[in-house]
Protein chains: 2
Amino acid sequence: MTIKDVAARAGVSVGTVSRVLSGSPATSAAARERVRSAVTELGYRPDARARALRSARSNAVGLLLSDVRNPFFAEVAHGAEQAALAASYVTLLANANEDTTQQDTYLEAFLTQRVDGIIVAPQGEGSGNLRALEQARTPLVFVDRTVEDFDVPSVTADNAQGVDLAVAHLAAHGHTRIGYIGGPPSVSTGRARHDAFLAAVASHGLDEDPALIAVGDFRSASGSTAAATLLAGRRPPTAMLAADSLMAVGALGEVRRRGLRIGTDLALVSFDDIEWFKELDPPLTVVAHDARALGESAMRLLLDVIEGRPAESVVQPMRLVVRESSTGRPAD
Amino acid sequence: MTIKDVAARAGVSVGTVSRVLSGSPATSAAARERVRSAVTELGYRPDARARALRSARSNAVGLLLSDVRNPFFAEVAHGAEQAALAASYVTLLANANEDTTQQDTYLEAFLTQRVDGIIVAPQGEGSGNLRALEQARTPLVFVDRTVEDFDVPSVTADNAQGVDLAVAHLAAHGHTRIGYIGGPPSVSTGRARHDAFLAAVASHGLDEDPALIAVGDFRSASGSTAAATLLAGRRPPTAMLAADSLMAVGALGEVRRRGLRIGTDLALVSFDDIEWFKELDPPLTVVAHDARALGESAMRLLLDVIEGRPAESVVQPMRLVVRESSTGRPAD
DNA sequence: TTGTATGCGTTATCAT
DNA sequence: ATGATAACGCATACAA
């Protein structure tokens with residue numbers, strides 16, 4: 001079932017079929033009609049591969065995220081995908097699994113698939129294939145995270161602002177010893193939030209105790225461990241800030257196991273507003289940014305690059321959503 | 001940068017390059033060496049589209065899920081993707097968003113992309129494009145859900161067993177009025193679990209009150225609504241079973257808002273064991289099946305079909321994981 | 001073992 | 001407005 005069959009059925013040449021199908025103005029109404037009915041009668045579908053081969057355009061983009069099982073990235077994926085769909089691009093989604101090797105494997109796959117562009121939430125210091133991408137001049141956009149020394153447009157969140165909002169809020173509630181459960185320094189958001197935390201603690205005149213800082217890897221198990229470390233100290237924190245939702249959940253479990261009650265015994269604030277955080281008991285205070293919008297913006301930015309429009313990096317603001325976990329009472 | 005450039009650089013013909021690259025035995029050691037170094041020197045990557053066009057094999061498969069933001073499906077996606085990667089297939093992931101129109105859009109996209117096969121968690125009664133697929137003889141596998149009248153291999157869970165495990169457990173704890181928060185009847189798992197619930201309630205001699213049954217749509221908001229309906233009845237249930245995790249979370253919120261305490265005032269059991277369910281306060285009792293394994297099996301099954309091996313549908317067992325939400329005390 | 005030539009399904013160029 | 005035909009990058013049948 002190829003364009004030839006359609007041409008034969010419609011009694012025209014393949015050129016005419018192609019023109020009708022691609023909406024060229026150089027077609028007669030009669031031809032359009034004949035072709036359209038032949039297409040539906042035969043159930044013909046153009047072969048995207050052949051089309052891409054000939055036109056040097058695949059209408060496919062790659063989306064490489066670090067962990068789709070992280071609700072935050074699932075939402076980013078959804079936003080990006082919807083934006084691509086609206087522009088009739090197909091999205092190839094790949095999951096790096098927080099692993100640099102898999103990241104390279106998928107970048108390689110994207111390259112051989114000749115996608116028109118790639119969105120990536122990178123980890124590590126620019127792996128080999130990330131450099132190859134730059135060299136191959138494949139349009140590239142970073143989402144959520146960045147890599148130093150890469151001059152790539154990106155859509156990120158204002159991490160410093162987010163951290164400061166959280167710390168200011170906790171300070172306003174009288175906390176002076178805030179524990180921080182951070183992300184890995186190999187990821188830009190991990191570094192940015194860590195630095196911002198140190199700065200915020202200093203600027204608000206709070207305790208600058210190294211024992212109040214623990215490092216995780218953005219997964220829940222590390223959140224448990226980090227919380228355990230913080231709480232086992234001689235002078236444990238009265239509030240904790242987790243750099244992502246999975247680690248916050250891990251911390252939640254550890255706190256419960258120690259018989260403490262979030263909100264009253266210990267304040268907890270998390271990054272990333274996951275849908276069900278407000279359903280928890282108590283509901284969780286979060287530093288939120290719109291993950292879906294992040295994905296949408298990244299995709300639009302990528303399409304701008306692909307289609308030669310000017311592309312400007314964007315930094316999304318974060319906002320604080322106050323709930324009971326940090327106040328001990330229902331939010332106003 | 002094509003195979004021609006490599007041939008020129010290596011001083012051999014394109015045929016030789018192609019043979020070396022595809023691991024044909026009909027190559028000399030000398031040729032292999034020359035080609036390999038030319039490839040790395042030039043940074044050449046074969047064009048997957050051209051290769052697919054010529055060889056009628058794309059090494060790409062489509063994965064169409066109903067909602068990637070549902071942690072259960074995120075895990076299925078991960079499993080499927082890893083299995084594909086291991087067999088060096090690329091996965092095109094698409095998100096139907098619990099919407100039949102988008103399901104059709106993506107099936108269409110898969111068809112024009114000429115993927116080698118498709119895995120789908122279907123909804124509705126076999127949409128038009130699902131039929132087209134069957135007709136196009138594209139290898140197809142259902143995961144988690146099925147559609148009646150489609151003779152397609154599938155990987156599903158033993159829903160009846162799962163429901164019975166949950167009901168038996170609650171009955172053993174003295175509950176006679178169990179509320180059920182079901183999924184939509186347009187989805188096979190929704191129907192299967194609903195029917196199984198009726199059967200289990202009858203076989204255990206519990207209250208068969210229609211007011212104990214509420215229907216949701218597998219999203220959290222509907223879980224809140226359903227829980228509200230059940231709890232507002234004249235004789236509210238003492239235990240509830242939710243047909244998926246998102247609805248369970250919604251129910252959790254509603255219960256909290258009513259000032260009730262899960263575990264002591266009201267037992268709650270959910271389908272799908274999400275990683276953080278054990279971190280909740282109290283930890284949630286669940287009817288679990290291994291979502292990642294489900295995805296892996298589905299992908300392996302699809303590859304079996306694609307590569308002409310015999311393909312047998314598989315039904316995964318479910319198991320009950322008892323935690324405090326249904327017992328009011330720490331599990332043994 | 002190697003090279004040459006053809007075709008995969010499509011778009012684009014050139015005539016007509 | 002339409003038809004014939006080359007070309008996209010690769011794999012493979014065939015010849016050498």
Side-chain angles (χ1 to χ4, degrees), chain A residues 1-36 38-39 42-60 88 90 108-116 136 138, chain B residues 1-36 38-39 42-60 88 90 108-116 136 138:
Chain A
M1 173 57 48
T2 78
I3 201 173
K4 273 187 177 169
D5 302 306
V6 178
R9 175 83 174 214
V12 297
S13 74
V14 295
T16 299
V17 175
S18 175
R19 277 186 288 264
V20 169
L21 261 38
S22 59
S24 157
T27 52
S28 66
R32 279 195 293 273
E33 172 54 29
R34 298 173 66 85
V35 170
R36 297 238 186 272
V39 164
L42 295 173
Y44 164 79
R45 280 168 221 281
D47 185 326
R49 304 166 307 175
R51 178 175 288 189
L53 181 59
R54 174 62 226 218
S55 57
R57 222 39 191 316
S58 66
N59 264 265
S88 47
V90 192
E108 180 86 27
F110 286 163
L111 249 16
T112 67
Q113 292 287 332
R114 302 291 195 269
V115 294
D116 292 337
T138 302
Chain B
M1 171 59 46
T2 78
I3 201 172
K4 270 187 179 171
D5 302 305
V6 178
R9 175 83 174 213
V12 298
S13 73
V14 294
T16 299
V17 175
S18 175
R19 278 186 287 265
V20 170
L21 260 38
S22 59
S24 157
T27 52
S28 66
R32 279 194 293 273
E33 171 55 27
R34 299 173 66 86
V35 169
R36 297 239 187 272
V39 163
L42 296 173
Y44 166 77
R45 282 168 220 281
D47 184 326
R49 303 165 308 173
R51 181 176 286 190
L53 182 58
R54 170 63 224 227
S55 55
R57 237 356 206 304
S58 67
N59 264 263
S88 47
V90 191
E108 179 85 28
F110 285 164
L111 247 18
T112 67
Q113 292 287 333
R114 301 291 196 270
V115 294
D116 292 337
T138 304

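Since the structure is predicted, the reported quantities are computational estimates derived from the model, not experimental observations. Chain naming here is simple, since letters A, B, ... match the order of the sequence lines and numbering starts at 1 in each.
With a cutoff of under 4.0 Å to any heavy atom of chain A, the contacted region of DNA chain D is bounded 5' to 3' by dA1(D) to dG9(D). A 4.0 Å heavy-atom criterion places the boundary nucleotides of DNA chain C facing chain A at dG9(C) to dT13(C), written 5' to 3'.
A distance-only check finds no donor-acceptor pair linking the side chain of Arg57(A) to the backbone of Asp116(A) [under 3.5 Å]. In this structure, the side chain of Ser55(A) engages the main chain of Arg51(A) through a donor-acceptor pair within 3.5 Å. Judged by distance alone, the side chain of Arg32(A) and the main-chain N or O of Thr27(A) form a donor-acceptor pair under 3.5 Å.
Here the closest non-hydrogen pair linking Ala50(A) and Leu53(B) is CB-CD1, 3.9 Å. The two residues Ala7(B) and Ser13(B) have their closest heavy-atom pair at CB-C, 3.8 Å. Considering all non-hydrogen atoms of both residues, Arg114(A) and Met1(B) come closest at NH2-O, 4.4 Å. When all heavy atoms of Val12(A) and Val35(A) are compared, the closest pair comes out as CG2-CG2, 4.1 Å.
At a non-hydrogen distance threshold of 4.0 Å, Asp47(A), Ala50(A), Arg51(A), Arg54(A) from residues 47-54 of chain A come into contact with DNA chain C. Near DNA chain D, meaning a heavy atom under 4.0 Å away, there are no residues from residues 28-35 of chain B. Residues from residues 9-23 of chain B placing a heavy atom under 4.0 Å of any atom in DNA chain C, listed by number, are Val12(B), Ser13(B), Gly15(B), Thr16(B), Arg19(B).
Residues Arg9(A) and Val6(A) have side chains not in contact (no heavy-atom distance under 4.5 Å, counting atoms from C-beta outward). For the pair Tyr44(A)/Leu21(A), a side-chain contact is recorded, criterion being any heavy-atom separation below 4.5 Å from C-beta on. In this structure, Gln113(A) and Ser58(A) have side chains that are not in contact, with every pair of non-hydrogen atoms separated by 4.5 Å or more. Counting heavy atoms from C-beta on, the side chains of Val90(B) and Asn59(B) never come closer than 4.5 Å. Between Ser18(A) and Ile3(A) the shortest side-chain heavy-atom distance falls below 4.5 Å. Within the 4.5 Å cutoff, the side chain of Thr112(A) has no heavy atoms near those of the Asp47(B) side chain.
Residue order along DNA chain C, read from the 5' end via each residue's closest nucleotide, puts Thr27(B) first among Ser55(B) and Thr27(B).
In this structure, the helix from dT1(C)-dA16(D) to dT16(C)-dA1(D) shows an angle of 40° between the axis at its start and the axis at its end, each fitted on 5 base pairs and rounded to 10°.
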